[in-house]
2 protein chains.
Amino acid sequence: MPVSDHAAPAASAVRRGRPGYDQRQILEVAVQVFIDHGYDATSVASLADRLGLSKSALYHHYPSKESLLEVALEEALGSLEGVLVGPEARRGAASERLGVVLRGAIDVLVDKLPYVTLLLRVRGNSDVERRALERRRAFDHEITALVRAAQAEGTVRADIDASVATRLLFGMVNSVVEWYRPDGPESGSELADQVLKLAMDGLRVR
Amino acid sequence: MPVSDHAAPAASAVRRGRPGYDQRQILEVAVQVFIDHGYDATSVASLADRLGLSKSALYHHYPSKESLLEVALEEALGSLEGVLVGPEARRGAASERLGVVLRGAIDVLVDKLPYVTLLLRVRGNSDVERRALERRRAFDHEITALVRAAQAEGTVRADIDASVATRLLFGMVNSVVEWYRPDGPESGSELADQVLKLAMDGLRVR
DNA sequence: GTCTATAAAGAGATAGAC
DNA sequence: GTCTATCTCTTTATAGAC
C-alpha cells in the first residue's frame, strides 16, 4: 500500500515514461473532481473514469477514497501551519507579524489553491474531516491571539472583538478560493496586495 | 403532492394538534441536517430517523430529497433578492444604497441563517443547484454595479477593482454563516454594525 | 499496474395496508 | 398521515486473472 506523505523529492516533476499515473498525479485529479462535484457526491467510479482508469487500478494507488482526502488535507494544513512557524512570523511588532501571517496565508491559498479549497469545504463528516477541522481551529486561535496582541499594541482598532475580526478577516481571505484562478488577470501577489489593502484600510475613501 | 411554495399564511405558527409534522417543520429539520452532514452525505433514511418518521411518511410531505433543497434555496434566494428591490435600495447616492444593501444582506443572512448557509454551500451538482447558482450570480452582479457606481461617485476607493472588492466584501459577509449563532452574545444588528465597520474602514487604527 | 467481475451494503423512491 | 416491505440502482471495496 503506497500513500507516503513526504513531499516530492526535490525536482523530479517529470514522469518516468511508463504507462500509468503516480500518486501525486492521481491526487491532483482527484482533488479537482472533489472540488467540482463535492467530495461526498464524487463516486470512486467517476474518479476512475475521469482518470481513464478502472476502479481497481485506482485502489492500487490509494487504499480508499478517504485516503485521497486525507493526503489532500494534509497538504493544505501543513502549508498553512508552516506560515506560523516562519522566522518573520515570530519576531517583531504584533501588527507586522499579523501582516506577515495574512500575506503568508494568502500565498499558501494561491499556491495550493485546490488543496486549500478542499480543506475549506470540509464539514466534519468523518474522523479524517474532524481532525482537519481541529487543526483549522488551532490555526485560527493563533491568529486571534495575534490580532489581540496588535490591539493591545494600539495598531489594530479595538472597537471590534478580536475573535470576530479574525473570523471576518479570514472569511474574506478564504473566500478567494471561490473565484481566484491563477491563470486570470492578477498574480497571487497582486491579489494579496488588494486583500490586505481592503482588510487594513477598508472600502471607504479616506 | 404538497410542496406549495407560498410563504406561511400570516401568523399561524402554532401546530393544529394532530400527530405529525407539517411541511415547514420538516423543512427546518431537513435543512439543519443538510447543514450538519452536507446535502449529498445526508440520506433520506437518516433524515427520516432524525424526524422520527419512516421514509414513506417523509415522501408523503415532499416528493423527493431534492425538492427539500429546492424549497430551502428559494427561501434564501427570494429573501436576498428582496433586499435589492426595497425602496431604500433604489434611491439616493450609490454609497448609501450600497450600505443599505449590505446591511440588508446581513439581516437576511441572520434572519434566514440556515437557508442562506445551505445556499452558500451549493456547488452546482444538479439543475436545481445550477439554477440557484445562476440567481446568486445575478445578485452579485447587481452589487458589483453598485460598487462601481460608488467608485464613480468618489465615495468608494477606486484602487481596488469593483468586482474584486465586491467578491471580497461578500466573502466577508457570507463567512458569517460559519460561526454566527443567533443565541450567542451579539444580536444580528450588532453583528451588522461590526461587519460594516470593518468592511468600510478596515482593521487598522486611523 | 491494469483489468473484469462481483460482493455486500446503502442509496432514492414506491406499493399498498392501516 | 404513517407504516413495513420491496424495487432498482449505485455505492465502496475486493478477488483474482493478465
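In the text below, chain A, chain B and the rest are named by the order of the sequence lines, each starting its count at 1. Just the heavy atoms: all of them, side chains too, but no hydrogens, waters or symmetry mates, feed the values below.
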Completion exercise
Rounded to whole Å, CG of B/L47 lies from C1' of C/dG12 at a distance of 12 Å
Exercise for the section: Please state how far atom CD1 in B/I26 lies from atom C1' in D/dG1, giving the value in whole angstrom units. Expected result: 10 Å
Handout entry: Exercise: do A/R167 and A/S163 side chains pair donor with acceptor under 3.5 Å
Key = yes
Practice task
Go through the steps to decide whether B/R135 and B/E81 satisfy the test salt bridge (charged side-chain N to carboxylate O under 4.0 Å, His left out), and finish with yes or no.
Solution key: CA-CA 9 Å; B/R135 284 170 72 183; B/E81 287 161 353; 2.8 Å; yes
Practice task
Decide, yes or no, whether a salt bridge links A/R131 with A/E70 under the criterion of side-chain N to carboxylate O below 4.0 Å.
Solution key: yes
Completion exercise
To the nearest angstrom, the NE2-C1' distance between B/H60 and C/dA15 comes to 15 Å
Problem - Check: A/L119 and A/L80 side chains under 4.5 Å, non-hydrogen atoms - result: yes
Completion exercise
Atom CG of B/L68 and atom C1' of C/dA11 are separated, to the nearest Å, by 16 Å
Exercise for the section: State whether A/R24 and A/D22 are salt-bridged, where the test is any N-O pair (Lys NZ or Arg NE/NH1/NH2 against Asp/Glu carboxylate O) under 4.0 Å. Expected result: no
Practice task
For the pair B/R123 and A/E178, find out whether any cationic side-chain nitrogen is under 4.0 Å from an anionic carboxylate oxygen.
Solution key: yes
Practice task
Could you encode protein contacts along nucleotides 4-18 of chain D as a string, one character per nucleotide from 5' to 3', using B for base contact, S for sugar-phosphate-only contact and - for no contact, with a heavy-atom cut-off of under 4.0 Å?
Solution key: B------SBBBB---
Fill in the blank from the handout: Between OH of A/Y62 and C1' of C/dT2 the distance, given in whole Å, is 17 Å
